[in-house]
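One structure is given below, encoded as structure tokens.
Within every chain, numbering begins at 1; the chains are lettered A, B, ... in the order of the sequence lines, protein sequences first and strands thereafter. Remember, predicted model here, so these are calculated numbers, not experimental data.
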Number of protein chains: 2
Amino acid sequence: MNNKDILKIGIVGYGNLGRGVEKAIKQNPDMELIAIFTRRPPETLDCEGPAIAMDYITDYQDKIDVMILCGGSSTDLPEQVLEVSKLFNTVDSFDTHAKIPEYFDKVNDCTKASNTLSLISTGWDPGLFSLARLIGQSVLPEGEDYTFWGKGLSQGHSDAVRRVTGVKNGVQYTIPIENALERVRSGENPILSTAEKHKRVCYLVAEEGANQEEIEKTIKTMPNYFADYDTTVHFISEEELTKNHNTMPHGGIVFRSGVSGSGAKQRIEFSLTLESNPEFTASVLVACARAVGKMAKQGQTGARTVLDIPLSYLSPKSEEELRRTLL
Amino acid sequence: MNNKDILKIGIVGYGNLGRGVEKAIKQNPDMELIAIFTRRPPETLDCEGPAIAMDYITDYQDKIDVMILCGGSSTDLPEQVLEVSKLFNTVDSFDTHAKIPEYFDKVNDCTKASNTLSLISTGWDPGLFSLARLIGQSVLPEGEDYTFWGKGLSQGHSDAVRRVTGVKNGVQYTIPIENALERVRSGENPILSTAEKHKRVCYLVAEEGANQEEIEKTIKTMPNYFADYDTTVHFISEEELTKNHNTMPHGGIVFRSGVSGSGAKQRIEFSLTLESNPEFTASVLVACARAVGKMAKQGQTGARTVLDIPLSYLSPKSEEELRRTLL
């Protein structure tokens with residue numbers, strides 16, 4: 001491969017997602033990691049690639065084709081994206097669903113003014129699940145969408161249980177309810193609330209002498225998080241937690257269940273079974289960075305989402321090879 | 001909806017697929033069926049839309065935005081597409097996998113010369129399954145693809161059993177082997193031939209006095225079609241065949257089973273469960289016709305496949321609405 005064909009990538013932020021992106025770049029021979037930008041003292045990062053203080057990011061303007069933004073959606077990304085996309089093409093996983101339209105508009109304005117290109121809100125949901133919903137709705141206009149999440153570790157719910165008095169540590173899994181899956185697969189197109197589709201299972205380590213009954217009651221009655229759900233609480237030892245609950249699995253299923261013109265039932269399912277949620281999101285971000293690289297070379301500017309891009313752009317293969325091998 | 005926003009569609013060929021397209025257009029309020037073109041005497045068609053002799057197709061050049069070609073891949077489409085795409089934008093389901101690159105090049109030359117646009121080889125395989133493979137390979141470069149077909153009625157294999165001496169009528173189902181699915185889902189990434197992934201089950205009506213043992217042996221030893229497969233032959237009555245085997249179900253699963261950077265196992269599954277194979281293919285063709293209409297309006301010409309188009313083009317919704325509702 002020619003050096004000029006190598007996509008030069010920068011990472012902004014080095015948490016679980018940034019670490020996943022660093023590893024994913026190594027799986028793609030057409031890419032090279034140039035630098036990891038951080039607000040922490042660079043020497044404290046446990047990374048393999050070169051860690052650089054954020055203050056020096058402007059020095060890299062001609063050295064990096066696409067920046068992958070790996071900050072959180074609540075505070076990091078809304079700030080970072082406007083700063084970084086003034087100088088660089090970017091990809092991010094902004095996932096605060098309700099704020100995506102506003103985020104898109106801001107990024108679109110900024111990138112159009114700066115002649116850069118930003119693909120926002122990618123990963124698996126939003127991201128691949130959005131594509132699955134789009135295909136389902138477009139092909140089967142008469143039908144219903146269903147999204148189930150899990151089995152997976154929910155970060156927000158795990159944080160919530162850990163804040164309960166008497167809880168030393170713990171995790172929460174979101175698990176699809178088998179009977180709800182069966183009803184969807186039967187084609188009955190049931191109306192199902194989020195709580196009717198998922199149950200919640202907690203594994204907790206209690207503080208010594210804590211009232212376990214009280215903890216369980218507090219969790220099961222917690223509004224929004226647990227009150228509406230079938231919730232199970234297990235108390236386990238710290239050792240068991242460390243041994244059996246130290247990974248970040250996730251996944252889910254997007255269904256489109258509909259009928260074609262004669263009333264024939266037709267079902268589309270797209271599902272993910274992930275041993276590592278952050279690494280999979282990272283893998284999607286990296287494939288999307290390739291698409292951004294290609295579109296930027298064509299002179300495209302502005303904001304994009306996965307819904308707007310030809311999927312062949314995700315691949316390192318030529319269009320001819322894709323037609324020959326995938327169709 | 002403004003009349004100018006209605007996509008005007010023509011159908012060429014009126015078999016199972018053409019009938020499915022006629023029905024699917026009715027499910028999409030942004031489309032209108034203008035005419036069905038046929039080589040048969042138009043008055044013999046059992047269609048609702050206006051049937052027109054192929055000889056008059058040129059009269060419709062300014063009345064139709066996209067022609068959906070519904071002929072067969074072996075002889076109809078290779079001829080029809082070159083003829084029709086001289087005057088019209090087209091969509092087709094050409095599915096002779098090995099010949100797609102050559103077909104693409106011919107259609108590309110023809111449409112570029114004619115300033116028209118043709119989306120070729122869409123449906124579910126090639127089509128949606130191709131998209132699933134593309135996403136899988138691009139996101140998980142270290143991994144394996146698996147495609148399982150069925151449970152479904154295979155037209156080619158049903159034709160083959162009906163040609164056996166002593167067989168009056170019959171159908172053949174292709175069925176994924178459960179143990180092979182399990183091995184793929186376990187993440188072991190086994191090497192599996194088509195015969196190791198699928199079994200074949202035939203339901204036959206024998207001619208009176210025919211030697212059933214002989215028929216079964218002929219089928220089970222038929223090279224390419226059955227010899228390598230776990231094949232079961234059931235003899236049933238004509239009544240049972242008519243009653244229980246008169247629909248055209250199909251479907252399948254595309255897997256990508258891979259690892260992300262740390263070795264974490266990640267699995268993507270895309271599956272279809274279809275009560276009517278031709279109607280589902282028709283639904284995909286119709287959604288793709290919408291994409292062709294949008295791209296043609298932008299002045300695009302030449303040949304395309306589903307791999308080349310932004311998936312938002314499949315939808316009647318605006319980009320803003322898609323971002324708001326799907327991301």
Segment of [X] engaging chain A (4.5 angstrom heavy-atom cut-off):
X: B/V284; answer: both
X: B/I100; answer: side chain
X: B/I120; answer: neither
X: B/L140; answer: side chain
X: B/T305; answer: side chain
X: B/Q137; answer: side chain

* Would you please go through residues 288-303 of chain A and name the residues with a non-hydrogen atom below 4.5 Å from one of chain B, in numerical order? =>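 Only A/R290 of residues 288-303 of chain A have a heavy atom under 4.5 Å from chain B.
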* Contacts with chain B made by residues 318-327 of chain A (heavy-atom distance under 4.5 Å), listed by residue number ->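 Listed by number: A/E319, A/L322, A/R323, A/R324, A/L326, A/L327.
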* Would you please say whether a donor-acceptor pair under 3.5 Å links the side chains of A/S257 and A/R185? =>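 No, no side-chain donor-acceptor pair sits under 3.5 Å.
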* Using only heavy-atom distances, determine whether the side chains of A/T147 and A/R133 contain a donor-acceptor pair under 3.5 Å. =>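 Yes.
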* Sole residue of B/F148, B/F129, B/W124, B/W149 in ring pair (Phe, Tyr, Trp, His ring centres under 6.0 Å) with B/H250 ->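 The passing option is B/W124.
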Measure from the side-chain N and O atoms of [X] to the backbone N and O of [Y], and report whether any donor-acceptor pair falls under 3.5 Å.
X: B/S312; Y: A/L307; result: yes
X: B/Y146; Y: B/P190; result: yes
X: B/D95; Y: B/S121; result: no

* Residues two or more places apart in sequence or in another chain: which of them pass salt bridge (Lys or Arg N to Asp or Glu O under 4.0 Å) with B/D145? ->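 Only B/R256 meet the salt bridge (Lys or Arg N to Asp or Glu O under 4.0 Å) criterion with B/D145.
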* **From CA spacing to verdict: side chain to side chain contact (heavy atoms under 4.5 Å, CB included), B/S276, A/Q266** => CA-CA 7 Å; B/S276 169; A/Q266 316 276 24; 3.8 Å; yes
* A/I25 versus chain B, the contacting section by heavy-atom distance below 4.5 Å ->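 Neither the backbone nor the side chain of A/I25 comes within 4.5 Å of chain B.
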* Asked: Side chain, backbone, both or neither: which part of A/F104 has a non-hydrogen atom closer than 4.5 Å to chain B?
  ->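 For A/F104, the contact with chain B is made by the side chain alone.
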* B/Y14 ring centre to B/R19 NZ or CZ under 6.0 Å, with the angle to the axis within 45°? ->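 Verdict for B/Y14: a cation-pi partner in B/R19.
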* Does the distance from a Lys or Arg side-chain N to an Asp or Glu carboxylate O, for A/E275 and B/K265, drop under 4.0 Å? ->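 No, no charged N to carboxylate O under 4.0 Å.
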* Asked: Is A/K317 salt-bridged to A/D30, going by a charged N under 4.0 Å from an acidic O?
  ->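 No.
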* To do: For B/K26, enumerate each residue passing the side-chain contact (heavy atoms from CB on, under 4.5 Å) test, keeping only those at least two apart in sequence or located in another chain.
  =>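 With sequence neighbours excluded, B/K26 shows a side-chain contact (heavy atoms from CB on, under 4.5 Å) to B/E48, given in chain and number order.
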* Take A/M31 and A/V286 through the test side chain to side chain contact (heavy atoms under 4.5 Å, CB included) and record every step on the way to the result. => CA-CA 9 Å; A/M31 300 186 183; A/V286 166; 3.3 Å; yes
* Heavy-atom pairs under 4.5 Å with chain B are the metric here; pick the option from A/D105, A/L311, A/L314, A/I309 that has the most. =>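 It is A/L311.
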